[in-house]
**Q** 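Okay, handing you the structure first.
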Amino acid sequence: FDYGLVHVIQFSSEHDFTPGSRQFLWLEQDLKSVDRSKTPWIVATSHRPLYTSQEQFGDHVVGLHMRLALEELFYAYRVNLHLSGHYHSYERTCSVLSGDCVREGRATMYVVVGTSGHSLEEQDYMKYPWSEYQNCEVYGFQRITANSTHMNIQFIKSPDDVVLDDVTIPVWD
């Protein structure tokens, strides 16, 4: 669906998303159909993250599998932002491609935001150069605003509305 200047697509991380699957073909067709002159931003969402640095080996395997299946597709169709949950924490990457940070706005940024109510995670974070901000200590929510040239992404602490993470990315040129 489109919301103002943003095209949003939700896919299932719990069903087959590998190249050639029904879901992959559906996702590719949706991304192909986006008119970037009307909606310059694409936000993809799923339950599980493609990138996470939390110490959960099994989930790293799932994330790697998702990256192998979807990261090239996201790059080809210039997906600006991927939002996920699964973890009861907050984590934001740089604009990342194949595990490497690239210039902001030239690859997908990945955000895990699962801090809205359930008890927060207790495991620590591993060190990865693409992980720019992590927080499993406070509850909060995501605020995203977009205009034709920039998207601002904030992590807001609840209940006092303190901005803990704030990044602005340019539109993908």
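Note: hydrogens, waters and symmetry copies are ignored here, and every other heavy atom, side chains too, is used.
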**Q** K157 versus N135: any side-chain heavy-atom pair under 4.5 Å?
**A**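 Counting from C-beta outward, K157 and N135 never come under 4.5 Å.
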**Q** Could you give the distance from OG1 (T93) to CH2 (W130), rounded to the nearest 0.5 Å?
**A**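 Separation between the atoms: 7.5 Å.
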**Q** What is the distance from atom NZ of K32 to atom CG of L27, rounded to the nearest 0.5 Å?
**A**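 With rounding to 0.5 Å, NZ (K32) is 11.5 Å from CG (L27).
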**Q** Answer yes if the side chains of Y51 and E71 hold a donor-acceptor pair under 3.5 Å, and no otherwise.
**A**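 E71 and Y51 do have a side-chain donor-acceptor pair below 3.5 Å.
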**Q** Is the closest side-chain heavy-atom distance between L164 and Y90 below 4.5 Å?
**A**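 The answer is no; the side chains never approach within 4.5 Å.
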**Q** Are M66 and V79 in one and the same hydrophobic cluster, where Ile, Leu, Val, Met, Phe, Trp and Tyr link if side-chain heavy atoms are under 4.5 Å apart?
**A**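 Yes; V79 is reachable from M66 via cluster members.
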**Q** Grab the two heavy atoms, one from R48 and one from S13, that are nearest each other, plus how far apart they are.
**A**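 Smallest interatomic distance, heavy atoms only, reads N-OG, 3.0 Å.
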**Q** Does any part of the side chain of F1, heavy atoms only, come nearer than 4.5 Å to the side chain of V6, both counted from C-beta?
**A**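 Sidechains of F1 and V6: no contact.
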**Q** Check for me, please, whether L73 and L64 land in the same ILVMFWY cluster - side-chain distances under 4.5 Å, paths through other members count.
**A**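 No, it is not one cluster - the side chains of L73 and L64 are not joined through contacts under 4.5 Å.
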**Q** Give me the atom names and distance for the closest heavy-atom approach of S95 to E104.
**A**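 Minimum heavy-atom separation between S95 and E104: OG-OE1, 2.8 Å.
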**Q** Any donor and acceptor pair, going by atom type alone, linking the side chain of R92 with main-chain N or O of E132 inside 3.5 Å?
**A**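 Judged by distance alone, no pair lies under 3.5 Å.
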**Q** Identify the two heavy atoms, one from A69 and one from F17, that lie closest to each other, and give their separation to 0.1 Å.
**A**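 The answer is CB-CD1, 3.7 Å.
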**Q** Scan residues 21-30 for pairs that pass side chain to side chain donor-acceptor pair (under 3.5 Å), counting only residues two or more places apart or in two chains.
**A**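 Listed by first then second residue: H7-D30.
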**Q** Starting at OG1 of T18, measure out to CG of L68 and round the result to the nearest 0.5 Å.
**A**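 Separation between the atoms: 11.5 Å.
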**Q** Please evaluate residues Y133 and V167 with respect to the criterion side chain to side chain contact (heavy atoms under 4.5 Å, CB included), reporting the C-alpha separation (whole Å), side-chain torsions for both, the decisive distance (0.1 Å), and the verdict.
**A** CA-CA 10 Å; Y133 184 90; V167 64; over 6 Å; no
**Q** Taking all atoms of both residues into account, what is the closest heavy-atom pair of T39 and G4, and its distance?
**A**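 Looks like CG2-O, 3.7 Å.
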**Q** Are Y3 and W172 linked, directly or through other ILVMFWY residues, by side chains that come within less than 4.5 angstrom of each other?
**A**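 In one cluster: no.
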**Q** Are more than 12 heavy atoms, taken from residues, nucleotides or ligands other than Y75, located less than 6.0 Å from that residue's OH atom?
**A**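 For Y75, atom OH is not crowded (no more than 12 foreign heavy atoms under 6.0 Å).
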**Q** Nearest 0.5 Å please: distance from the OG1 atom of T108 over to the NE2 atom of H82.
**A**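 Answer for the OG1-NE2 pair, T108 versus H82, is 9.0 Å.
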**Q** Decide if atom CD of E72 counts as having more than 12 heavy atoms of other residues, nucleotides or ligands within a radius under 6.0 Å.
**A**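 Counting neighbours around CD of E72, 12 or fewer heavy atoms of other residues, nucleotides or ligands fall under 6.0 Å, so no.
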**Q** Is there side-chain contact between Q142 and V111, with at least one heavy-atom pair below 4.5 Å?
**A**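 Yes - at least one pair of side-chain heavy atoms lies under 4.5 Å apart.
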**Q** Determine whether T52 and Y110 make a side-chain contact, defined as any pair of heavy atoms from C-beta on separated by less than 4.5 Å.
**A**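 A side-chain contact is absent here, since even the closest heavy-atom pair is not under 4.5 Å.
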**Q** A side-chain contact here means heavy atoms from C-beta on lying under 4.5 Å apart; do W41 and V171 qualify?
**A**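 A side-chain contact exists here, since the closest heavy-atom pair is under 4.5 Å.
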**Q** Within a strict 4.5 Å, meaning less than it, do heavy atoms of the V34 and R36 side chains meet?
**A**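 They are in side-chain contact.
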**Q** How many angstroms lie between CD1 in I42 and OH in Y77, if you round to the nearest 0.5 Å?
**A**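 The OH atom of Y77 is 10.0 Å from CD1 of I42, to the nearest 0.5 Å.
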**Q** What are the two closest heavy atoms between I144 and M151, and how far apart are they?
**A**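 Taking every non-hydrogen atom into account, CG2-CG, 3.8 Å.
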**Q** Out of curiosity, H47 NE2 to S84 OG, how far, rounded to the nearest 0.5 Å?
**A**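 OG of S84 is found 8.5 Å from NE2 of H47.
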**Q** Looking at every heavy atom in both L97 and V102, which two are closest together, and how far apart are they?
**A**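 The answer is CB-CG1, 4.4 Å.
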